[in-house]
Novice: 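A single structure is presented below for examination.
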Protein chains: 2
Amino acid sequence: MANIRDIAKQADVSVTTVSRVINEHPYVSKEKRQRVHAAMAELGYLRNQQALTLSTGRTQRFVVVLPYMDHPYYGLFVNGLAKAALVKGYRLVMWQTEYKLDQERQALDLLRHREVDGAILLSHAMSFEELETYRSFGPISVATVGAPETISSVHVDHYAAFATGLQVLKQGGYEDIGIVLSRQSSPSSIARQRAYFDEVASARERWVWTGYLTSEDGIRLAAEFLQRKERPRALFLSSDYVALGFLGEMHRRGVRIPEDVAILGFDGHPISQAFGLATMHAPHEEIGRALFDVTFDEMDGGAVRTQSLTVTYFPGMTL
Amino acid sequence: MANIRDIAKQADVSVTTVSRVINEHPYVSKEKRQRVHAAMAELGYLRNQQALTLSTGRTQRFVVVLPYMDHPYYGLFVNGLAKAALVKGYRLVMWQTEYKLDQERQALDLLRHREVDGAILLSHAMSFEELETYRSFGPISVATVGAPETISSVHVDHYAAFATGLQVLKQGGYEDIGIVLSRQSSPSSIARQRAYFDEVASARERWVWTGYLTSEDGIRLAAEFLQRKERPRALFLSSDYVALGFLGEMHRRGVRIPEDVAILGFDGHPISQAFGLATMHAPHEEIGRALFDVTFDEMDGGAVRTQSLTVTYFPGMTL
DNA sequence: GTACATTCTGAAACGCGTTTCAGAGCAAGC
DNA sequence: GCTTGCTCTGAAACGCGTTTCAGAATGTAC
């Protein structure tokens, strides 16, 4: 493995000159430039990224923190992140946390130890107070709501999104509406529930289901839903995968959708289209892209930004 | 940001001693050890991972190469990879290629430039001959079949898996069977098609559909399938997501499954269960885990390994 | 008392590219 | 002819932790 000093010796120039050639600095004579190029070709020179990183203090990496790698929901964001990272020549280090605090801390320690230039959290269990303690080590951006002003955020306006979805249901003639949320105490769930109570007259505490994340949870929900004596006429589920699990299981049990119960999903996964699931399409890929860009800009002294994106209703046959 | 030399000065010892304390080398007197610990605490010392990497030549990172981040199929592998990486304190750098050769080359250049210690390819367009040229820069493992003996491989035995699936269909009384594959020229597709021609008497070239990867492709397939005058009685699809897209769209069009056409999927995604899709469950997470381990072991002088895992039939209501 | 082993310590070199600084050579401007 | 400014060059320092090597101090064995 030839290094920059070997090249210098071979081309009979200084290491400085070699470095200048590599970085296309103008002040190198044509002749020496050629000698250096020849030497690099001859010895098969490859720049050592580690040394570069140590020298410049830039790793060209961001850590992406997310609870589950195998939930398609995060794939949408990561796709956007990856595309934006490619443009800027950045690498993404993925960190799966399963919402465990020590895992989130480990991920953020990458920032403290200068292993990455910034951190992007798609979802997190950590409080913003604690998250802020890492802020001095580099830019931090989140896809969640409620971030303090030191932390950039690009997110769906969950309150507005849920309000819109509920209006769609109301306009469809549904009055008794239940909602299905993911983690009970997450800021997004809180905003969604707030919209529910504000928007729906018949809203009741017991028609709020929490703790549903996956299609398996959707299957479980179907059983639980049918056990209730009194049931809402429509369900607004905060995840397409839960909605699809619910839909499939209801179907299997011979329950008609939307005649017996109407459902509206959330996210806009491609697979939802196949089953005619009505859903609120959220721009997750776009958020991923924007999260990367804001983190990148902040690294170069850009301002902390908060951006709130809106969702669009995608009609389907389930309501 | 205090460095090791600052600590040395503060504790009035040499940098060597500080390094020894950090690495828990036994030959440090109790007293100096305490002084060093005190100095580290006082100055808030954090070890610079970059310097460590430059010095040891180990990055503690692998690059994971995959075509699409947002296809749930890869999530299954990555989940296994992430779990194994966590155990060994390794980081995963994700590289999305969209099957573009230049992207795959860029990813492997990380290996050449010593930005990562190894490369794990979940799927790739690159030939094994070209892939082998990167082998001298570090361990390379693939989840695909047909790797040369210098490259580790952990994969599903696609021939056996497809043969088993076809036998399941035959035992179900289906004689006219069609197959739906992903990329036409991929080694796995070739093995699958081979199993098809070997196993099914009525196998015909025109009942092989190729180029179907996503649920959207599955929707498209439904339309194409119904346009055919002559049709097989059963379809074996090499991806659950294609199968689900197909299933949903057929349903929408009023085609009965399995009465009009039976379907068998492949992968064993959780969502398939919700729709009662019969499928061949492949141990993708397990493969991810094994891929990490084999790459890791190879880095420490372990042997190149080839491991072939089998799939299991998961019954459903679609055949 | 001598020989050898063990424990402890630190200076210096190493991994490798970038950056700063000082200086030389040469051309243009007055 | 002299000053100013640009072009070009390289030595040395820097980022920071690890490792090698030499040496000192102390303990144990015969």
Side-chain angles (χ1 to χ4, degrees), chain A residues 1-37 39-40 43-61 89 109-117 137-138, chain B residues 1-37 39-40 43-61 89 109-117 137-138:
Chain A
M1 296 268 167
N3 65 31
I4 201 173
R5 276 159 242 268
D6 298 330
I7 304 299
K9 201 173 289 174
Q10 175 85 3
D12 196 25
V13 296
S14 70
V15 291
T16 317
T17 299
V18 177
S19 177
R20 275 195 267 258
V21 171
I22 292 168
N23 293 288
E24 295 177 347
H25 186 100
Y27 289 173
V28 180
S29 67
K30 205 171 197 175
E31 193 237 328
K32 295 208 174 186
R33 189 183 305 277
Q34 282 172 350
R35 287 222 306 270
V36 169
H37 277 306
M40 289 201 293
L43 300 181
Y45 174 73
L46 289 168
R47 200 207 221 146
N48 184 324
Q49 187 67 31
Q50 294 323 126
L52 183 72
T53 297
L54 177 61
S55 184
T56 60
R58 282 278 171 93
T59 64
Q60 312 236 84
R61 286 189 293 272
D109 276 340
L110 298 189
L111 199 58
R112 301 210 306 163
H113 290 105
R114 283 162 283 182
E115 254 196 90
V116 296
D117 297 334
F137 302 105
Chain B
M1 295 268 169
N3 64 31
I4 201 174
R5 277 159 240 269
D6 298 330
I7 304 300
K9 200 174 289 175
Q10 175 86 0
D12 195 26
V13 296
S14 69
V15 290
T16 317
T17 299
V18 177
S19 176
R20 275 195 266 258
V21 171
I22 292 169
N23 293 288
E24 296 178 345
H25 186 99
Y27 289 174
V28 180
S29 67
K30 206 171 197 174
E31 192 235 330
K32 296 211 173 183
R33 189 183 306 276
Q34 282 173 348
R35 287 223 304 271
V36 170
H37 278 303
M40 291 200 293
L43 301 181
Y45 173 72
L46 289 169
R47 201 209 222 142
N48 183 324
Q49 187 66 32
Q50 294 323 126
L52 184 72
T53 296
L54 177 62
S55 184
T56 60
R58 281 278 170 93
T59 64
Q60 312 237 85
R61 286 188 294 272
D109 276 339
L110 298 190
L111 199 58
R112 300 212 305 165
H113 291 106
R114 281 162 284 183
E115 255 196 271
V116 296
D117 297 334
F137 302 103

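Any value given below was found using the heavy atoms of this structure, including those in side chains, with hydrogens, waters and symmetry copies removed. Chain letters run A, B, ... following the sequence lines, proteins first, then strands; residues in each count from 1.
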Novice: Touch check for B:R5, heavy atoms < 4.0 angstrom, all strands: base, sugar-phosphate only, or nothing?
Specialist: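 Base: the residue B:R5, judged by heavy atoms under 4.0 Å, touches a nucleobase.
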Novice: Looking at every strand, decide which applies to B:T17 at a 4.0 Å heavy-atom threshold: base, sugar-phosphate, or nothing.
Specialist: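 Counting heavy atoms under 4.0 Å across all strands, the contact made by B:T17 is with sugar-phosphate only.
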Novice: Charged N to carboxylate O under 4.0 angstrom, B:K9 versus B:D6?
Specialist: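 Not counted as a salt bridge, because no side-chain N and carboxylate O are separated by less than 4.0 Å.
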Novice: Is there a side-chain polar atom (N or O) of B:K32 under 4.0 Å from OP1 or OP2 of C:dG10?
Specialist: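 Result: yes.
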Novice: Assign A:V18 to base, sugar-phosphate, or nothing according to its heavy-atom contacts below 4.0 angstrom with the strands shown.
Specialist: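 Answer is nothing: A:V18 stays at 4.0 Å or more from every strand.
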Novice: What's the closest nucleotide to the A:I4 side chain, out of D:dT18, C:dT18, C:dG15?
Specialist: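 Looking only at heavy atoms from C-beta outward on A:I4, the closest nucleotide is C:dT18.
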Novice: For the backbone of A:H25 and the side chain of A:N23, can you confirm whether one donor and one acceptor N or O come within less than 3.5 Å of each other?
Specialist: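 Flag not set: sc A:N23 to bb A:H25 has no pair under 3.5 Å.
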Novice: Have a look at A:S29 and say if it touches a base, only the backbone sugar-phosphate, or nothing, with a 4.0 Å heavy-atom cut-off.
Specialist: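 A:S29: backbone/sugar contact only, no base atoms under 4.0 Å.
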Novice: Search all heavy atoms of A:F137 against all heavy atoms of B:L46 and return the closest pair with its distance.
Specialist: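 A:F137 and B:L46 have their closest heavy atoms at CE2-CD1, 4.1 Å.
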Novice: Nearest heavy atom decides the nucleotide; on that basis, is B:N23 or A:T16 closer to the 5' end of DNA chain D?
Specialist: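 Final value for this comparison: A:T16.
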Novice: Just to be sure I understand the rule, does B:R47 reach a base, reach only the sugar-phosphate, or reach nothing, if contact means heavy atoms closer than 4.0 Å?
Specialist: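 Counting heavy atoms under 4.0 Å across all strands, the contact made by B:R47 is with sugar-phosphate only.
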Novice: With heavy atoms under 4.0 Å as the rule, sort B:L52 into base, sugar-phosphate or nothing.
Specialist: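 Sugar-phosphate, no base atom in range.
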Novice: Does B:S19 place a side-chain N or O at less than 4.0 Å from the phosphate oxygens OP1/OP2 of D:dT18?
Specialist: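 B:S19 to D:dT18 OP1/OP2: side-chain N or O found under 4.0 Å.
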Novice: Any base atoms under 4.0 Å from A:R114, or only sugar-phosphate, or nothing? Heavy atoms, all strands.
Specialist: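 Contact class for A:R114: sugar-phosphate only.
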Novice: To the nearest angstrom, how far is A:R35 atom CZ from D:dC8 atom P?
Specialist: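 Roughly 14 Å, once rounded to whole Å.
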Novice: For B:D117 and B:Q60, indicate whether the former's side chain and the latter's backbone hold a donor-acceptor pair under 3.5 Å.
Specialist: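 Pair found, side chain donor or acceptor close to backbone of B:Q60.
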Novice: Side-chain N or O of B:Y45 versus OP1/OP2 of D:dG17: is the shortest distance under 4.0 Å?
Specialist: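 The answer is yes; a side-chain N or O of B:Y45 sits under 4.0 Å from OP1 or OP2.
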Novice: Taking the side chain as every heavy atom from C-beta outward, state whether B:T59 and A:Q50 have any pair of such atoms under 4.5 Å apart.
Specialist: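 With C-beta onward as the side chain, the pair touches.
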Novice: Under 4.0 Å: is that the gap between some side-chain N or O of B:S55 and OP1 or OP2 of D:dT18?
Specialist: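 Indeed not, no polar side-chain atom of B:S55 lies that close.
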